[in-house]
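For the single chain, residues carry numbers from 1 onward in sequence order. All heavy atoms count here, side chains included; hydrogens, waters and symmetry mates do not.
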Amino acid sequence: MPGAAKPCGFMRRAEIVTYDVNEVAPYINWSYFFHAWGLRGAALQSQTAGELIGDARQLLAEMQGKARPQGLFRLCTAWAEGDDIVADGTRIPLLRQQVPHADGSPLLCLSDFVRPASLGGDDRIGIFATTVRTDLAFPEDPYKDMLLNTLLDRLAEAATERMHAHVRREAWGYARDERLGIGDLLACRYTGIRPAVGYPCLPDMSINFILDSILNMCRIGISLTENGAMRPHGSVSGMMLACRESRYFSVGPIGEDQLCDYARRRGIPAARMRQYLAALL
């Protein structure tokens with residue numbers, strides 16, 4: 001079991017944080033912004049990229065006071081049981097890598113980075129969601145409307161970055177002495193990881209139903225579709241882990257055996273779980 005960063009507290013109720021657009025804009029990762037527009041490599045030096053970033057910054061100024069980034073997080077007592085994490089009594093089943101690595105390295109699951117129940121004692125994890133709500137819309141201007149939606153995605157991620165720093169340094173406090181600039185944060189040079197739902201190490205969008213039962217995401221205006229996708233579109237959810245050895249990975253393809261086991265652990269019929277995990281099968 002990897003050594004976890006020593007936690008310094010936890011909460012029974014999720015805490016809400018609210019930011020201005022100007023507060024979180026410096027945390028925007030512009031690389032992902034350009035990627036969403038299909039611009040990379042030499043194209044980032046083009047006139048098109050320059051005009052795009054100029055329009056984005058102008059729209060950000062317009063969004064100040066008209067868009068509301070919010071975050072919701074809860075720090076939970078937790079432990080690992082096999083491929084599950086139990087957080088404040090709520091079981092969160094997870095997926096494990098199943099395709100062997102060429103170098104023979106271990107097949108990973110996020111539960112590997114939480115103290116096992118068999119060792120006794122409790123660990124901690126954080127559960128979070130962020131969103132950006134706005135009444136702005138540009139239905140008559142497809143370009144500006146797409147620009148708005150792209151910025152809402154980036155602002156939700158930026159709000160998550162700022163909130164995670166607050167959690168590490170203050171609310172949880174396992175990294176009170178952290179002194180990292182924004183560039184270091186965007187490069188993930190902090191202790192621990194923040195796997196988001198829908199990303200490679202936490203690919204099952206339907207896990208949002210479990211996270212919602214812990215957070216009550218409607219407190220910041222997030223609702224879930226029948227497949228677990230979040231509304232508004234500019235929303236992010238996931239977990240915060242403090243283990244010093246934790247790292248990001250891709251679950252990748254899984255077999256029928258894990259699908260059935262995961263469905264059993266989730267208490268969902270295998271046929272429905274197959275719909276949720278179609279991209280991994």
### Query
Would Ser105 and Asp103 count as having a side-chain donor-acceptor pair, cut-off 3.5 Å?
yes
### Task
Inspect the surroundings of CZ in Phe138 and state if more than 12 heavy atoms from other residues, nucleotides or ligands are less than 6.0 Å away.
yes
### Message
Within the 3.5 Å criterion, strictly below it, is a donor on Thr90 or Asp88 matched to an acceptor on the partner's side chain?
### Response
no
#### Entry: Spacing of Asp122 atom CG and Thr77 atom OG1 [to the nearest 0.5 Å]
5.0 Å
### Message
For a quick check under 3.5 Å, do Glu62 and Gln58 share a side-chain donor-acceptor pair by atom type?
### Response
no
### Query
Short question: side chain of Asn29, backbone of Ser31 - any donor-acceptor pair under 3.5 Å?
yes
### Query
Could you give the distance from CZ (Phe113) to CE (Met239), rounded to the nearest 0.5 Å?
10.5 Å
### Query
Between CD1 of Ile127 and CG of Leu211, what distance do you get to the nearest 0.5 Å?
5.5 Å
### Flag side-chain contact, heavy atom, 4.5 Å: Ile214 against Arg74
yes
### Query
Are more than 12 heavy atoms from other residues, nucleotides or ligands located less than 6.0 Å from atom NE2 of His166?
yes
### Task
Please step through side chain to side chain contact (heavy atoms under 4.5 Å, CB included) for the pair Leu277 and Leu95, ending with a clear verdict.
CA-CA 10 Å; Leu277 301 181; Leu95 293 165; 4.1 Å; yes
### Task
Salt-bridge test for Arg176 and Glu170: reply yes if a basic N is under 4.0 Å from a carboxylate O, no otherwise.
no
#### Entry: CA sep, side-chain torsions, deciding dist, call: Asp135, Lys66, side chain to side chain contact (heavy atoms under 4.5 Å, CB included)
CA-CA 7 Å; Asp135 292 328; Lys66 299 178 182 177; over 6 Å; no
### Query
Quick one: do Asp177 and Arg169 make a salt bridge, cutoff under 4.0 Å?
no
### Message
Given 3.5 Å as the limit, does a donor-acceptor pair link the side chain of Gln258 with the main chain of Gln98, or not?
### Response
no
#### Entry: Flag for Asn208-Ser237: side-chain donor and acceptor within less than 3.5 Å
yes
### Task
Report yes if some heavy atom in the side chain of Tyr248 is under 4.5 Å from a heavy atom in the side chain of Cys188; otherwise report no.
yes
### Query
Is there side-chain contact between Leu185 and Tyr27, with heavy atoms separated by less than 4.5 Å?
yes
### Task
Only counting residues at least two apart or in another chain, list the ones meeting side chain to side chain contact (heavy atoms under 4.5 Å, CB included) with Ser118.
Pro116
#### Entry: By side chain to side chain contact (heavy atoms under 4.5 Å, CB included) - contacts of Thr18 (at least two apart)
Ile16, Arg68, Gln70
### Query
Measuring from Met230:CE to Ile222:CD1, what's the distance to the nearest 0.5 Å?
5.5 Å
### Query
Should we count CZ of Arg247 as having more than 12 external heavy atoms under 6.0 Å?
no
### Task
Indicate yes or no for a side-chain donor-acceptor contact from Gln97 to the backbone of Val251 under 3.5 Å, with no hydrogens or angles considered.
no
### Message
Between Asn149 and His233, is there a side-chain donor-acceptor contact under 3.5 Å, judged purely by atom types and distance?
### Response
no
### Query
If we ignore angles and hydrogens, is there a donor and acceptor under 3.5 Å between the side chains of Asp204 and Tyr262?
yes
### Message
Donor-acceptor check, side chain of Asp141 to backbone of Lys144, threshold 3.5 angstrom: yes or no?
### Response
yes
### Query
Is there a donor-acceptor pair under 3.5 Å between the side chain of Asp55 and the backbone N or O of Leu52?
no
### Task
May I ask you to say whether Arg115 pairs ionically with Asp123, meaning some side-chain N is under 4.0 Å from a carboxylate O?
no
### Query
Under 6.0 Å from the six-membered ring centre of Tyr190 and within 45° of its axis: does the NZ or CZ of Arg168 meet both?
yes
### Task
Under 4.5 Å between side-chain heavy atoms, chaining through other members, with only Ile, Leu, Val, Met, Phe, Trp and Tyr counted: pull out the rest of the cluster around Leu107, sorted by chain and number.
none
### Query
Do His164 and Phe73 have ring centres separated by under 6.0 Å?
no
### Message
So Arg266 and Asp261, do their side chains get closer than 4.5 Å, heavy atoms only?
### Response
no
### Task
Determine yes or no for a side-chain-to-main-chain donor-acceptor pair under 3.5 angstrom, with Thr160 supplying the side chain and Ala156 the backbone.
yes
### Query
Can any side-chain N or O of Tyr174 pair as donor or acceptor with the backbone N or O of Thr191 at less than 3.5 Å?
yes
### Message
Could you check whether atom CZ of Arg40 has more than 12 heavy atoms from other residues, nucleotides or ligands sitting under 6.0 Å from it?
### Response
yes
### Task
Assess the pair Tyr143 and Trp37: is the distance between their ring centroids shorter than 6.0 Å?
yes
### Query
Can you tell if the side chain of Glu23 reaches within under 4.5 Å of the side chain of Gln64, non-hydrogen atoms only?
no
### Message
Is the shortest side-chain heavy-atom distance between Leu259 and Arg274 below 4.5 Å?
### Response
yes
### Task
Answer whether the closest heavy-atom distance between the side chains of Val17 and Leu72 falls below 4.5 Å.
no
### Query
Within a reach of under 6.0 Å around CZ of Phe209, are more than 12 heavy atoms found that belong to other residues, nucleotides or ligands?
yes
### Query
If we only count heavy atoms from C-beta on, is the Thr150 to Leu152 side-chain gap below 4.5 Å?
no
### Query
Does Arg265 reach the main-chain N or O of Leu94 with its side chain, forming a donor-acceptor pair under 3.5 Å?
yes
